[in-house]
There are 2 protein chains.
Amino acid sequence: MTRKYTTLEDVALAAGMSRAQVSRALRGDPGVKPETREHVAQVAKTLGYQPNIAARALVSAQPDTVGIIIGEPTNPFHIQLAQAIDAELQRVGLDSVVSLRAQDDPATLREGDRLLRLRVAGVILISKPRNKEALAALAEQLPCVYLGKRVNHSNVSTIDIDDKSGVEQAIGHLIALGHRRIAHLAGTVEISARERTAAYRAAMRHAGLAANVVMGTHDVASGRRGVDTLAEQGEFPTAIFASNDAIALGAIDRLKGRGLRVPEDVSVIGFDDIPDATSEMLALTTVRQDVDQQAREAVAALQLLAFSTVRKVIRKVLPVSLVVRRSAGPPRN
Amino acid sequence: MTRKYTTLEDVALAAGMSRAQVSRALRGDPGVKPETREHVAQVAKTLGYQPNIAARALVSAQPDTVGIIIGEPTNPFHIQLAQAIDAELQRVGLDSVVSLRAQDDPATLREGDRLLRLRVAGVILISKPRNKEALAALAEQLPCVYLGKRVNHSNVSTIDIDDKSGVEQAIGHLIALGHRRIAHLAGTVEISARERTAAYRAAMRHAGLAANVVMGTHDVASGRRGVDTLAEQGEFPTAIFASNDAIALGAIDRLKGRGLRVPEDVSVIGFDDIPDATSEMLALTTVRQDVDQQAREAVAALQLLAFSTVRKVIRKVLPVSLVVRRSAGPPRN
DNA sequence: GTGAAAGCGCTAACAG
DNA sequence: CTGTTAGCGCTTTCAC
């Protein structure tokens, strides 16, 4: 149906002035008489004028669009982050193009080409492409901000969270409550998971307590299995620190299945603060990562990398904080 | 860092011919000598040429971009659909712009403006904006294909699935297995949810069985609560039909938590066939909606609406089919 | 087969 | 404050 769009020219004609002036008026350029501005706005509205982005982009050298590449689109947490970044981008007057294509599939590089063709100012990546080459190739072409563990590339800024501190807060909380036997249900695959496990060991050692790590993965099923494993070990721990909320959820489920109450019999702490954790039933004590803050930092980092004259790469680690709800309490005796 | 991009002119210069010819060669235009084409491709590659999409869009009248608006971005199923649509769009040579902004927030209409400015050929909406005005306003401006329950707007094509048939298949399967006490964990908000519940009631009535509906929402937590509610009712059902897979997952989770085995003690059937349903552990029997087919139909509908000369609105209802896995079996005695 | 010229819709100097 | 003049990078007639 090849629509016929209203152009600046049409508006100019109807308003009885030049295209240039109409353009200025519409964009809020300072040098325009207020009444002119108003009149133009009026005419533009009645004509249903919408500026043609392509034309605008073509003529103005500075690109104002940023690509967002989502690592695992089916992970709601990643989407949540993408939404926050999108909103933040909008807030600072930038536009965004989000890519749903998984980073690991062979199309990823093509996706980089697409962004290049779109002349985006830079790219924000949520979670890493598993193969480093893809990231490197992208970084070769465009300023990149990567949300995840620090990566050593001279063209990539990274925004990370302080896993170590989060773990220390969690373990510290449990110890303060009086727990001594604190087990850890670990993730194995992600770098952040390994970092959390290492931090757990360190914190326990530091407190003069024995570490007890059950390996697993960052999902609900793993939490269930973890509890079964702990049960087979003999003396059950009084507290469990899970490497993420999904594991914690699974663990709580299995604990209840075994007739153990949370937190009366066993305390549980998670990591991430996913929406489910808030639920009245669960009331999971957990380590929160601030999504909005991550978004803000990521956008700021990109601006620094793509728009400033200094072109500075930054590596930032954001603080996390323990959110105390009801899943952790003092041990029984 | 205002990059300096290679332009067609640069390539033309380096290849020793005109921009026009380079353009033709690169796009695979018929009237180009094969050796010329190859030479040009070679030069373009070494120069790292990437066509400027904005310029291309500006000059060629026909838009080749389609907007995808995702209803609930945090619903993995919607993302899955969006990915499928994106892939299908790509397959037919169209580009896509996906919007993560929730359709219900006040920014939705602005989002329509954004798409208008982008000069997209049309929009594919995954699940409806709750307020009809938003959809109507959008449809006023652009050809729309809406994935969800039929909507009576002369500018909107709809692609829907046959919820009723899906429910009948699920309930029929349970009855055939010998179940009599079949409870339903319902969603309440979505139109499709209400349709499924109505179909459940009809199917039960038709079989001369008593309906038992527990209201809830289309998420995991609701499934957990639903089981608790059923438990309070006294005699526990031998089978549960959940309005979607998320509910089914939550229900199974809680059933196991209560020491009930699936399907030995309680059978469970879901709806959607999300990736999780396939998992070895879960093996959820569920009603599959074919995501790829929906994507294909949606894209085809949009092409009909936006690119064909006839400009035809269509309303399609796609079949669904029961996928039998292990979460439903015969009742205990 | 290939080149020259025109122009898509817009913004950005530069004059007034 | 406002109009005029150039293009941005590309595709598309229309010639040769």
Side-chain angles (χ1 to χ4, degrees), chain A residues 2-41 43-44 47-65 93 95 113 116-121, chain B residues 2-41 43-44 47-65 93 95 113 116-121:
Chain A
T2 322
R3 319 176 104 271
K4 202 56 201 101
Y5 284 97
T6 317
T7 73
L8 211 50
E9 176 95 53
D10 301 331
V11 180
L13 240 48
M17 69 190 73
S18 74
R19 285 187 330 228
Q21 198 58 356
V22 171
S23 169
R24 286 190 277 252
L26 255 25
R27 274 172 306 135
D29 198 298
V32 179
K33 234 198 302 186
E35 52 199 86
T36 310
R37 184 191 307 289
E38 206 163 321
H39 178 219
V40 169
V43 174
L47 260 49
Y49 171 73
Q50 295 286 358
N52 183 326
I53 297 237
R56 188 175 273 182
L58 186 57
V59 69
S60 57
Q62 270 290 334
D64 64 346
T65 301
D95 207 351
D113 285 355
L116 238 30
R117 284 202 269 270
L118 250 20
R119 301 291 188 263
V120 299
Chain B
T2 321
R3 319 176 102 270
K4 211 38 209 116
Y5 284 96
T6 314
T7 74
L8 210 50
E9 176 95 52
D10 301 332
V11 180
L13 241 49
M17 69 191 73
S18 73
R19 288 190 324 231
Q21 199 58 356
V22 171
S23 169
R24 286 190 276 253
L26 254 23
R27 274 172 307 134
D29 199 297
V32 179
K33 235 196 304 186
E35 51 199 86
T36 310
R37 184 190 309 288
E38 204 162 325
H39 178 219
V40 168
V43 174
L47 259 49
Y49 171 73
Q50 294 286 358
N52 182 327
I53 297 235
R56 188 175 273 182
L58 186 58
V59 68
S60 58
Q62 270 292 333
D64 64 345
T65 301
D95 207 349
D113 286 354
L116 238 30
R117 284 201 269 270
L118 249 20
R119 299 291 188 265
V120 298

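Just so we're on the same page: letters track the sequence lines, and every chain starts at 1. The figures here come from the full heavy-atom set of this structure, side chains too, leaving out hydrogens, waters and symmetry mates.
- The shortest distance between side-chain heavy atoms of B/Arg37 and B/Arg24 does not fall below 4.5 Å.
- Across the interface with DNA chain C, nearest-nucleotide mapping of A/Pro51 and B/Arg37 shows B/Arg37 to be the residue nearer the 5′ end.
- The side-chain heavy atoms of B/Met17 and B/Val40, taken from C-beta on, include a pair separated by under 4.5 Å.
- With D/dC10, C/dA4, C/dG1 as the choices, the nucleotide that has an atom nearest any side-chain atom of B/Arg24 turns out to be C/dA4.
- Side-chain proximity of B/Leu58 to the nucleotides C/dC8, C/dG1, C/dA12 is greatest for C/dC8.
- Between B/Leu8 and B/Asn52 the shortest side-chain heavy-atom distance does not fall below 4.5 Å.
- Here C/dG3 is the nucleotide among C/dA6, C/dG3, C/dC10 with the atom lying nearest to any side-chain atom of B/Ser18.
- The separation between A/Gln62 atom CD and C/dA12 atom P is 11 Å, rounded to whole Å.
- The side chain of A/Tyr49 contributes an N or O atom lying less than 4.0 Å from OP1 or OP2 of C/dC10.
- Between A/Arg27 and C/dT11 there is a side-chain polar atom (N or O) within less than 4.0 angstrom of OP1 or OP2.
- Protein atom CZ of B/Arg56 is 18 Å distant from nucleotide atom P of C/dG9, rounded to whole Å.
- At a threshold of 4.5 Å between non-hydrogen side-chain atoms, the residues A/Tyr49 and A/Val43 do not count as touching.
- Taking atom CG of A/Asn52 as the reference point, atom P of D/dC10 lies 16 Å away to the nearest angstrom.
- Note that OG1 of B/Thr7 is 8.5 Å distant from CG of B/Leu13, once rounded to the nearest 0.5 Å.
- In the helix from C/dG1-D/dC16 to C/dG16-D/dC1, the rotation axis of the first five pairs and that of the last five pairs differ in direction by 30°, rounded to 10 degrees.
- Listed nucleotides: D/dT2, C/dC10, D/dG3. Nearest to the side chain of A/Arg19: C/dC10.
- Computed from coordinates, the B/Arg117 CZ to C/dT11 P distance equals 11 Å when rounded to whole Å.
- Side-chain contact check for A/Thr65 versus A/Arg119: every heavy-atom pair is 4.5 Å or farther apart.
- Considering only the side chain of B/Val59, D/dC10 comes nearest among D/dC10, C/dG3, D/dT2.
- Note: NE2 (A/His39) to P (D/dT2) measures 12 Å, nearest angstrom.
- Summary of the strand contacts: B/Val22 and B/Ser60 both lie near DNA chain C, and taking for each the nucleotide with the nearest heavy atom, the more 5' one is attributed to B/Val22.
- Taking atom CG of A/Asp64 as the reference point, atom C1' of C/dC10 lies 13 Å away to the nearest angstrom.
- For the 3.5 Å distance criterion, the side chains of A/Arg27 and A/Ser23 qualify, holding a donor opposite an acceptor.
- Listed pair B/Ser23 / D/dT11 meets the phosphate criterion, a side-chain N or O lying under 4.0 Å from OP1 or OP2.
- Remark: P of C/dG16 and CE of A/Met17 are 22 Å apart, rounded to the nearest angstrom.
- Taking atom CD of residue B/Gln21 and atom C1' of nucleotide C/dA5, one finds them 15 Å apart after rounding to whole Å.
- Looking at heavy atoms from C-beta onward, B/Tyr5 lies out of side-chain contact with B/Asp10 at the 4.5 angstrom threshold.
- Of the candidates D/dT2, C/dG3, C/dG7, D/dT2 carries the atom nearest the A/Val32 side chain, counting heavy atoms from C-beta on.
- Phosphate proximity of C/dT2 to B/Thr36: present, with a side-chain N or O under 4.0 Å from OP1 or OP2.
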